[in-house]
Protein chains: 2
Amino acid sequence: MRQNLARRTALLDAAIEVLARDGSRGLTFRAVDALAGVPTGTASNYFTSRDELIAQVAQRTRERLTPVESEVRRTMRAPRTRDLVTLLMHQLLDRMRQDRPTYLAMLELRLEATRRPELRAVLVDVFSENLRESIKFHLDADLPGDETTVVLLYLAMSGLLIDDLTVPDVLTPYPYDTLIATMVDRAIGPRDATRQSLT
Amino acid sequence: MRQNLARRTALLDAAIEVLARDGSRGLTFRAVDALAGVPTGTASNYFTSRDELIAQVAQRTRERLTPVESEVRRTMRAPRTRDLVTLLMHQLLDRMRQDRPTYLAMLELRLEATRRPELRAVLVDVFSENLRESIKFHLDADLPGDETTVVLLYLAMSGLLIDDLTVPDVLTPYPYDTLIATMVDRAIGPRDATRQSLT
DNA sequence: TTGACACCACTGCAAGTGTAGTACTACGTT
DNA sequence: AACGTAGTACTACACTTGCAGTGGTGTCAA
């Protein structure tokens, strides 16, 4: 079993590409080797089985999905308005579009998790923590809306991202700009008396 | 090329089961034969290629997803309240749970569509029509909320169904009853003056 | 010099496809 | 009622493909 971390990561990144391009059907050691540009047999040396490869791919996607700290910080200088939440949702969409392969791979993994309990455990962990952090971030930052707001945005944005990944034309009648703005507005709910009087 | 429609349908239903159970990776003529309980080679006689099989599976899922007319009619006797919309969303969830294989197969097809333009065209068609019909139904039935309400519910329920299919434990902290009720309530938005005065 | 890794080639295996051939059934014909 | 034909079910097989795993050799660095 080889230990060279850089090469292992390169192989995992290649595996993500393969997953996105050919689906789990196309995920073989050979394909990973080829796409990583390393000699045939290399992936065999780094992963004992396809299952282990998949497990490590899941971990790697988790790393790749983490947003850049500095950008978030910059965004959060703005006042806590609904527009700011809308902007955050747009940034999520942009992040996805800049790394479609990872999101597609994630989707493949979701399906794979249907058949692999241990993989499902990993994914449940990833998504749960993601949701928990989103809620904490939202509330700590004093953004408008409550916990349910965040959960609803999580669900609606999931639906939107998945549609955009797989059947983009379904939503073309509804321009994302207004769609997301309305989504945010309604997910937050009516302005309560307190907040309204302050603005 | 065999024409026996009953058998063809049986094979397609078997293919849906295979897709749900083993993913697109496991979808082979052999697997379909085995699960349909017919002799090896039968699927070969009915479909010229795996591609054609997949295309016909897409059509078949479309048929299987259509809700039963009578049940809808019964539900729609109730007054046009937010609770009624909530009930409709619950019925959607129930329908999915009673036929997980079809929904899982649909998800597999979504991913497959990423690589097959002609399949994507079919799916875009299915989902677009589904959404259009939902909107028409909602507005014609004079249910509370506007067009955007329906789109938002479509997105949020997509996210919810997919999470429930693949990583159900993520949403366990948020009981579906209250989650869906709130989702509906916010997707509809604030009661406008007119409607409020009528109730 | 030794150990870890890159590279390469070969063997063997497993799976699946497609087809050819046979048997059965139903239906129409004379 | 015997026959013929068409469509289909069933079976078996040959052929191809593609992958996994391993062992051997080269290479670099400590």
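Numbers restart at 1 for each chain; the letters A, B, ... are given by sequence-line order, proteins then strands.
Using a 4.0 Å cut-off between charged side-chain N and carboxylate O, B:E63 and B:R60 make a salt bridge.
Residues meeting the salt bridge (Lys or Arg N to Asp or Glu O under 4.0 Å) test with A:E108, sequence neighbours left out: B:R115. Looking at residues two or more places apart in sequence or on another chain, you find no salt bridge (Lys or Arg N to Asp or Glu O under 4.0 Å) involving B:R132.
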For nucleotides 8-29 of chain D, just jot down a letter per nucleotide in 5' to 3' order: B, S or -, based on protein non-hydrogen atoms under 4.0 Å.
SBBB-------BBB--------

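Taken to the nearest 0.5 Å, the CG atom of A:L107 stands 8.0 Å off from the OG1 atom of B:T166.
The one candidate from A:L109, A:V126, A:V124 that meets the side chain to side chain contact (heavy atoms under 4.5 Å, CB included) condition with B:V167 is A:V124.
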